[in-house]
2 protein chains.
Amino acid sequence: MRADARKNRQRLIDVAVELVLEVGGEPARDAVAERAGVGIGTLYRHFPDRQSLLHAATRHVLEKSISAGEALIETVPDGVDALRQYMHMALDNGIGAVNILHPLLEKPDWPDLRARAAMLMESMVDRAVRQGSLRNDLSERDIVFGLTRFARPLAVGLPSDEERSLAHRHLDFYLDGLCAQDPGPAQPAISGIR
Amino acid sequence: MRADARKNRQRLIDVAVELVLEVGGEPARDAVAERAGVGIGTLYRHFPDRQSLLHAATRHVLEKSISAGEALIETVPDGVDALRQYMHMALDNGIGAVNILHPLLEKPDWPDLRARAAMLMESMVDRAVRQGSLRNDLSERDIVFGLTRFARPLAVGLPSDEERSLAHRHLDFYLDGLCAQDPGPAQPAISGIR
DNA sequence: AAGTAAACGGAGGAATATCCTCCGATTATG
DNA sequence: CATAATCGGAGGATATTCCTCCGTTTACTT
């Protein structure tokens, strides 16, 4: 494979992730090619059918996040720290794109990755709970849910780097909440709301 | 105004909010009319130009949430409780639609509402901070940011009522985090991530 | 109960957005 | 320098969304 070809391919994947996050759904193919600075023909050569680009993008983000996470679980002894670092890292990797794309892809061809991700987060949660520093009613699915809350830019009219730093800040607040074993002042039953 | 006309008008607004949340952006007009069970002509009669439906929908949600919030601040003495109840209530009112639509509407014609909302949340935050039960580095904008994280269904393939109840649960976690004055175990500086 | 103005519904053509093929021009590599 | 691989983007095909128009139906008045 020629060097320029490989470079273009990767660039297309990166741009795809970017745009998926911005748009909150499948971006127009033309838009991906344009932002990547390549012709449309190039995009279609690398990713011929409807979804192969999105597949590739998802796979890319997932692989990067999972292997970094697996490293973290080895090197960071404190469970909550590991979880915290994992979530911040995944956020920066664009993990939100995976959540957006997952329901749109017809034949997700990575049962392996899905399983690895689930296992990874289960271990993290388990360990942190055993260490007594995390609420004990949390599961891997809660972590996914929480992560997705902060993993996408939700248009509020902010410049994107400010949005990013706010997301990190609030993700930390959220994690503090997951650690709070005895949630401060009593929470009253709220009539008719939940 | 004839009774059926008013009913249809309100129904269109409600459906619009629903669809904005589902789609995460401007829904197709045809889709709104169809789900509302009225003809397209009816939609265009009530909301002739491009954005008047979206304006009306935003205004509706905002007004409902703000006046309920203003009542809460009178009746609930504890600052954090008031904030908590306000956020859960706004979430159920579809406040997420406001965040989605705000950047899309060209000439937001409700400077009044925006100001009222900001003032409302500032009071809530201020009071809770003064009472010593909320972090003291939070502003009204943080609350908006946090609220929007939980206020929209982010497609993860869940049935919508399960998604809703998860959102409420995790909003509570998040709020616990906003209360945590001394966030448990020391947070290490994370190298190269933020 | 009948008259009537107001409201309704939806077919269908216009406008727009997106897709994706095709082929001549360009460039990396031996 | 040759040449095979790669690139770029014009443009026709398709799909989606918009929104007018007018014949039909319905709520309200007297």
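Chain letters run A, B, ... following the sequence lines, proteins first and then strands; every chain starts at 1.
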In whole angstroms, how far is the [atom2] atom of [N] from the [atom1] atom of [X]?
X      : N       : atom1 : atom2 : value
L19(A) : dT18(C) : CG    : C1'   : 15 Å
L53(B) : dC19(D) : CG    : C1'   : 14 Å
L43(B) : dA7(C)  : CG    : P     : 15 Å
R9(A)  : dC7(D)  : CZ    : P     : 12 Å
R45(A) : dA4(D)  : CZ    : P     : 17 Å
I40(B) : dC8(C)  : CD1   : P     : 14 Å
D4(B)  : dT24(D) : CG    : C1'   : 14 Å
Q51(A) : dC19(C) : CD    : C1'   : 14 Å

**Report entry** Closest nucleotide among dA27(D), dG9(C), dC18(D) to the Y44(B) side chain
**Finding:**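 Output: dC18(D).
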Requested in this report: Measure from the side-chain heavy atoms of R29(B) and tell me the nearest of dG8(D), dT6(D), dC19(D).
Outcome: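 So the side chain of R29(B) is nearest to dC19(D).
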Within the pair [X] and [N], is there a side-chain N or O less than 4.0 Å away from OP1 or OP2?
X      : N      : answer
T42(A) : dT6(D) : no
N8(A)  : dC7(D) : yes
H46(A) : dC7(D) : yes

Query raised in the report: Should the ring pair Y174(B) and H170(A) be called parallel, tilted or perpendicular, given that the plane angle runs from 0 to 90° and is split at 30 and 60?
Result: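 The rings of Y174(B) and H170(A) lie parallel, inter-plane angle below 30°.
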Query raised in the report: Does R2(A) make a side-chain donor-acceptor contact with the base of dT29(C), cut-off 3.5 Å?
Result: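 No, no donor-acceptor pair under 3.5 Å.
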Report task. For A28(A) and for G41(A), locate the closest nucleotide of DNA chain C by heavy-atom distance; then report the residue assigned to the nucleotide nearer the 5' terminus. Result ->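 Nearer the 5' end of the strand: A28(A).
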**Report entry** side chain to side chain donor-acceptor pair (under 3.5 Å) assessment of S65(A) paired with N93(A)
**Finding:** CA-CA 7 Å; S65(A) 300; N93(A) 280 345; 3.3 Å; yes
Query raised in the report: Considering the options L72(A), T75(A), D78(A), V80(A), which one meets the side-chain contact (heavy atoms from CB on, under 4.5 Å) requirement together with Q85(A)?
Result: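 Exactly one candidate clears the test, L72(A).
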Requested in this report: With heavy atoms under 4.0 Å as the rule, sort D30(A) into base, sugar-phosphate or nothing.
Outcome: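 If one applies the 4.0 Å heavy-atom cut-off, D30(A) turns out to touch a base.
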Query raised in the report: NA contact type, A3(A), heavy-atom cut-off 4.0 Å: base, sugar-phosphate, or nothing?
Result: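 Sugar-phosphate: the residue A3(A), judged by heavy atoms under 4.0 Å, touches backbone atoms but no base.
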Query raised in the report: Are V23(B) and V15(B) joined in one hydrophobic group, where the rule is that I, L, V, M, F, W and Y side chains link up if heavy atoms are under 4.5 Å apart?
Result: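 No; V15(B) is not reachable from V23(B) via cluster members.
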Query raised in the report: Taking the six-membered ring of F145(A), is the NZ or CZ of R149(A) close enough (under 6.0 Å from the centre) and on axis enough (within 45°)?
Result: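 Judged by the rule (NZ or CZ under 6.0 Å from the ring centre, within 45° of its axis), R149(A) counts as positioned above F145(A).
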